[in-house]
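First comes the structure, then the notes that go with it.
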Amino acid sequence: MAIYTKEQAQALLKKVLSYSKADECEVSLGGSEGGNVRYALNAVSTAGDISSVGLAVTSVYGKKAGSATINEFDDAALERVVRRSEELAQLAPENPEYMPMLGQSEFKEAITYNANTAAMTPESRAEMVGKSLAVTKAANLNAAGFLENSTGFNAVMNSKGLFAYNKSSDVTFSVTTRDEAGTVSGYAARGFTDVNKLDTAAATRVATMKANASKGARAIEPGKYTVILEPVAATYMLENMFRFDARSAEEGRSFLSKKGGGTRLGEQLMDPKVTIYSDPFNADLPGSTWGGEGLPREKTMWIDKGVVKNLSYSRYWAQKKGVTPVPGPTNIIMEGGDATLEDLIKSTERGILVSRLWYIRMVDPQSLLLTGLTRDGTFYIENGKIKFPVKNFRFNESPVIMLNNLEALGKQERSISVESYRSYLIPPMKIRDFTFSSLSDAV
Amino acid sequence: MRRRDFIYLTGLGAGAMALPNLSAFGREIDAQQALEYVDPKIKKALADAGLNAAKSAGASYADVRIGRYLNQFVITRENRVLNVANTESYGVGIRVIANGCWGFAATNEVTKEGIAKTAQRAVAVAKANAKLGSAPVQLAPQKGYGEVSWKTPIEKNAFEVPIKEKVDLLLGANGAAMAGGANFVNSNIFAVNEQKYFASTDGSYIDQDIHRIFPSFTVTKIDSAKGSFETRGALSSPVGMGYEYLIPKASETVQGITPRYKQRYDMLEDIKFATKQAGEKIASKSVDPGKYDLVLDPSHLWLTIHESVGHPTELDRVLGYEANYAGTSFLTLDKWKSGNFKFGSDKVNVVGDKLQPGSLGAVGYDDEGVATKKWDIIKDGVLVNYQATRDQAHIIGLKESQGCSYAQSWQDVQFQRMPNVSLQPGKTPLSVDDMIKNVEKGIYIIGNGSFSIDQQRYNFQFGGQLFYEITNGKITGMLNDVAYQANTREFWNSCSAVCDERDYRLGGSFNDGKGQPSQSSAVSHGSSTTRFNGVNVINTKRKIG
């Protein structure tokens, strides 16, 4: 059994705590079940079905802490893991940043679990992949894709009376479609809490349409262009910015550090159209209602109309600075507008539509300058219409500069980062003066 | 060795602090457990249970990997130990061919019964996938080796060295940095021991004990008045060695504008230079963009080799298996078949090598039981080969696999991963000083920085740690905000000189990612200092308002 109910988890954690002799003890339990199918060249290449559960104990004497983990759950094993964490705590040096554990707190029930997704099986995964393959085979293209689902839970209890539980489920799908000769490529990615919202055939049709439209891509000069970033492209660019950590800003080593000391909290850092927040109760992107330090998570505004509204403070750093701790983001939601992607294209006199970005890396952490490339569908727009596909570009751009050059936002949608596999709610966006620094021949 | 010596400082409150998630590496154990080794006789009996069950269920081929993966992390910051953790992951992965199709299943129930059931699951997966229809798996023949073993030739097992010794080294290094004026410093030691047992229906029973170690640090200096900060990372390399790598030896230090290291690393020396150089970087001149001749130190060039030679010569990428994630390759089969595709200048000789002592990718046998070897990939600038596994060998006309199969753990399926891919030293004597003497307008780059390359491995951009301006054959000062962009083929064709073997060194990556779900592998890349003419350099300085 990898998924414990709240009551089952509570009973097990209580039992483990009853073995503790330390000043403070925290026990956490987590498990997950899920599976995946990977396919390429229109055939399944690998498939897996994974289930695991584990328990961790942290014992504390004064400011000396020790942790141990186990995946056996008979009484003797549970007592043994507690004793081992106590032994390690006694041997450890004092941690000057140790914060005493928090006591009982009220956490609202999260909405992260979905029974449809939790009920997925190897057969249902294969069926969904089959629907995707039917689309690419009919289009005489090759598909390479990945479908993955996971259901998990986390529970924590400590000797001060804190108890928190959360259960969640998620499904992600991505597909790349190419022709035999490798001259065209299209991509689509989808992520949902409820698998019933995932239509693998429809997503594959988008990738197929992009692949076919990308035939005969022309080279145009790199330089500064107005770009329309589809949500998948914008997501991957922006996630490098979602580190609103007060400590690194106050220590002077963050894009949020202020010249002469301090942070940029309260400053107008971006265009007033930019509002970014976290909300565990967003139905399209629900999040956990408690954080790692045992703090409740509520809706938290990070950037409000372009102004830096909040920074996250760990309990240690908050105490040191005399402020209230603020847990880090449970999810990231960027407000959008009512425009569709088509509306954004229609309103563009001359620009580039970008479907996906790739291999983004930090060049300068001070300005958040990033480099990376476009991929799998890049198109030239003129007088409100897509005119022709263009070859891919390398860009050198900072998300902060980019969000100062914001022209318009479309309707937000859930999208997946290509690298981190995290989901976000991000709108498509039109940006002026986006810097493409060189051309790539890659398809 | 007393148990207390081992576990002093272990398990330091991982749950109570903001630290990397170590659970991905397995369950936490104490250091003493890391020294216990499972008897190969027991593993053979377990493996046979899996092989027999797979054959009984209808497999035409089966391999069983019993893996015990140990990691040790020692993590510090300034004068504090942030964490010490030992983790262990132990289990079995079984791969089969049934009805012409691959199947895979894994379990952490390391008993004959658990393994037999898992073998049956693997066969069931293969049979289910076979119904979807595709060409049957074609395996290159492989003789059985019987009962054999291999061990990384280490001098000092890192897991036997008391934690206190490692903590003292790291806190000593941090102290040197703070005394030198650093504002912040992080330093770490990451040690890995893979105890892998492989058995297959070919008749091989292979026991391997593989060791790797990765010491590193980052020094940060801040100029709060200017509102700027700079970092300098360690010039160490992760290596396939024991703790002896951390015992300095003067003969293994390369002298020059800054010390660099071969088979031994002097962390205390490196961090003193790093602290000074982080400050120099803040005050250095911002580069004028344009064309420069680049002189690339092996501590930098390894990453360019990895991205622009290692990845595009992976056969699975060439064929399309990575198309949805890491991408494909511009080095398509027709280019290889032509026999004259000019990848680089005639100075460019690149080998795949799974035997090289001290390298991260050195093993006796790969994860499908193939004895490892060395072979040419680029010969005198021409593409002559790829990197292949047993089921790919026939595609490029090979009679045997090149031994490039690897899985990051027992619970992951093995697939094609790159071997150590290295640029061979120049054949005529050439020192770094002599190379620099002949450069009119150039930049000497040491250490790796940011890196990015497109999905077919043409267009790339690389940064670095230290940039020195070369004018009329002399180093004239430090530069900042440097990155170079090139097309892979043009870049390697602009290679005009490679220093000789006296300067040859290994760099490498502990975490090369590939596949869905993504797996990581460790790999080294060797070279001597190398010159590339007329490369496009950009200035990366930006202001965010």
Side-chain angles (χ1 to χ4, degrees), chain A residues 26 36 38 40-41 43-47 54 56 58 65-71 88 91-93 95-98 142 144-146 174-176 178 182 252-253 255 257 259-261 314 358-359 361-364 366-367 369 371-373 375 392 394 398 400-401 404 437-438 440-443, chain B residues 7-18 23 27-28 30 80-81 102 104 125 128-129 132-134 183-184 220 222 224-229 319-321 323-325 327-328 330 332 413 450-456 458-459 461 463 483 485 487 516-517 538 540-545:
Chain A
E26 179 185 280
N36 61 68
R38 188 185 199 203
L41 305 177
V44 171
S45 53
T46 56
T58 298
S67 296
T69 63
I70 200 160
N71 51 12
L88 293 171
L91 291 165
N95 170 16
E97 296 188 10
Y98 181 77
N142 269 327
F146 187 58
S174 61
V175 62
T176 300
R178 297 171 67 83
R253 44 178 172 167
F255 73 102
S257 301
K259 194 174 172 179
S314 67
W358 168 245
Y359 219 133
R361 289 293 182 274
M362 188 74 73
V363 176
D364 179 8
Q366 186 157 348
S367 61
L369 184 73
T371 192
L373 298 118
R375 177 177 172 182
N392 288 306
R394 169 171 298 286
S398 160
V400 182
I401 294 171
N404 269 298
S437 53
S438 56
S440 160
D441 287 327
V443 176
Chain B
I7 63 176
Y8 174 61
L9 291 177
T10 55
L12 186 66
M17 289 178 284
S23 61
R27 64 191 188 96
E28 287 189 55
D30 69 47
R80 300 194 289 284
V81 180
W102 284 125
F104 176 76
V125 169
N129 287 346
L132 294 169
S134 60
N183 297 88
F184 301 100
T220 305
I222 289 172
S224 59
K226 280 169 74 178
S228 58
F229 61 93
L319 299 172
Y321 285 93
N324 187 48
Y325 182 53
T328 59
F330 76 97
T332 45
V413 69
S450 71
F451 52 99
S452 172
I453 189 163
D454 70 37
Q455 76 276 9
Q456 287 191 307
Y458 285 115
N459 174 305
Q461 177 175 312
Q485 287 187 351
N487 168 291
Q516 287 176 307
I538 63 165
T540 60
K541 188 77 184 168
R542 296 288 188 283
K543 276 191 175 175
I544 59 170

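Sequence lines set the chain letters: A, B, ... in the order given, protein chains first and strands last, and positions in each chain run from 1.
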Discussion item. Looking only at heavy atoms and a cut-off of under 4.5 Å, which of Gly227(B), Ala225(B), Ala128(B) has the most pairs with chain A?
Written reply: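 Highest number of heavy-atom pairs under 4.5 Å: Gly227(B).
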Worksheet item: If you count heavy-atom pairs under 4.5 Å with chain A, which of Val413(B), Thr328(B), Leu319(B), Thr220(B) comes out on top?
Response: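 Between Val413(B), Thr328(B), Leu319(B), Thr220(B), the count favours Thr328(B).
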Mind checking the [atom1]-[atom2] spacing from [X] to [Y]? Nearest 0.5 Å is all I need.
X	Y	atom1	atom2	answer
Asn487(B)	Asp441(A)	CG	CG	6.5 Å
Asn129(B)	Ser45(A)	CG	OG	9.0 Å
Tyr325(B)	Arg38(A)	OH	CZ	9.5 Å
Glu97(A)	Arg80(B)	CD	CZ	4.0 Å
Ser450(B)	Met362(A)	OG	CE	10.0 Å
Ile453(B)	Trp358(A)	CD1	CH2	11.0 Å

Any idea which heavy atoms bring [X] and [Y] closest together, and the distance?
X	Y	result
Ser452(B)	Gly372(A)	OG-CA, 3.8 Å
Ser438(A)	Asn459(B)	OG-ND2, 3.1 Å
Ile544(B)	Ser398(A)	CG2-OG, 3.8 Å
Gly320(B)	Ala144(A)	O-CB, 4.4 Å

Fill in: Test log, rule side chain to side chain contact (heavy atoms under 4.5 Å, CB included), inputs Asp454(B) and Arg394(A)
CA-CA 8 Å; Asp454(B) 70 37; Arg394(A) 169 171 298 286; 5.6 Å; no
Do [X] and [Y] have side chains that get closer than 4.5 Å, going by heavy atoms?
X	Y	value
Ser174(A)	Gln516(B)	yes
Gln485(B)	Ser437(A)	yes
Gln455(B)	Ser440(A)	no
Arg542(B)	Ile401(A)	yes

Practice prompt. For Ser224(B) and Gly260(A), indicate whether the former's side chain and the latter's backbone hold a donor-acceptor pair under 3.5 Å.
Written response: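 Checked: no pair found.
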Worksheet item: Considering only heavy atoms, which portion of Tyr321(B) lies under 4.5 Å from any heavy atom of chain A: side chain, backbone, both, or neither?
Response: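 Looking at Tyr321(B), backbone and side chain both touch chain A.
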Largest heavy-atom contact set with chain B, pairs under 4.5 Å, which of [options]:
options	answer
Val175(A), Asn36(A), Leu373(A), Val400(A)	Leu373(A)
Thr46(A), Thr371(A), Asn392(A)	Thr371(A)
Leu369(A), Val44(A), Leu41(A)	Leu369(A)

Give, as side chain, backbone, both or neither, the part of [X] having an atom under 4.5 angstrom from any heavy atom of chain B.
X	answer
Ser257(A)	neither
Ala43(A)	side chain
Arg253(A)	both

Discussion item. Please evaluate residues Gln366(A) and Ser228(B) with respect to the criterion side chain to side chain donor-acceptor pair (under 3.5 Å), reporting the C-alpha separation (whole Å), side-chain torsions for both, the decisive distance (0.1 Å), and the verdict.
Written reply: CA-CA 7 Å; Gln366(A) 186 157 348; Ser228(B) 58; 4.8 Å; no
